[in-house]
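Because only heavy atoms are used, hydrogens play no part in the values below, and waters and symmetry mates are left out as well, while side chains stay in. Note that the coordinates shown come from a computational prediction; the quantities given were computed from them, not determined experimentally.
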Amino acid sequence: MPAGTRVTGQVVACPPFGVFLRIDDVPDALGLADIGSMPAGASLPTPGARISGEVVRHTDHNHQVRIRLSEWLDHS
């Protein structure tokens with residue numbers, strides 16, 4: 001998954017430093033968006049929320065994807 005790719009997924013965990021998400025159509029990948037990559041003034045989305053963003057970095061060996069969030073699609 002190259003840098004700059006737009007992704008959407010569902011938040012699965014919200015540790016204090018950001019959110020982890022399952023990326024749509026990529027079941028083996030785990031996305032991480034840290035607080036520093038969230039829009040200014042935004043609060044952490046809750047588990048189950050659908051969010052989207054842009055891939056910043058992808059690590060092949062452990063399928064981790066670093067994401068810069070751009071929007072929350074809902075606030076479940």
Self-check item: Where L69 and A33 come nearest, the two heavy atoms and their spacing
Solution: CG-CB, 3.5 Å

Quiz prompt | Any side-chain heavy-atom pair of R66 and D34 under 4.5 Å | solution = yes

Quiz prompt | Note, V7 side chain near V65 side chain (heavy atom, < 4.5 Å) | solution = no

Exercise. Indicate yes or no: at least one non-hydrogen side-chain atom of C14 is less than 4.5 angstrom from one of P45.
Key: no

Practice problem: For G31 and I67, work out which heavy atoms get closest and say how close. | Solution: CA-CD1, 3.9 Å

Practice problem: For residues S52 and R6, report the shortest heavy-atom separation together with the two atoms involved. | Solution: OG-NH2, 3.7 Å

Practice problem: List in chain and number order the residues that pass side-chain contact (heavy atoms from CB on, under 4.5 Å) with Q64, two or more places apart in sequence or in another chain; answer none if no residue qualifies. | Solution: N62

Report all side-chain donor-acceptor pairs from residues 18-25 shorter than 3.5 Å, counting only partners two or more places apart or in another chain.
{"residue": "R22", "atom": "NH1", "partner": "A29", "partner atom": "O", "Å": "3.4"}
{"residue": "D24", "atom": "OD1", "partner": "R50", "partner atom": "NH1", "Å": "3.2"}
{"residue": "D24", "atom": "OD2", "partner": "R50", "partner atom": "NH2", "Å": "2.5"}

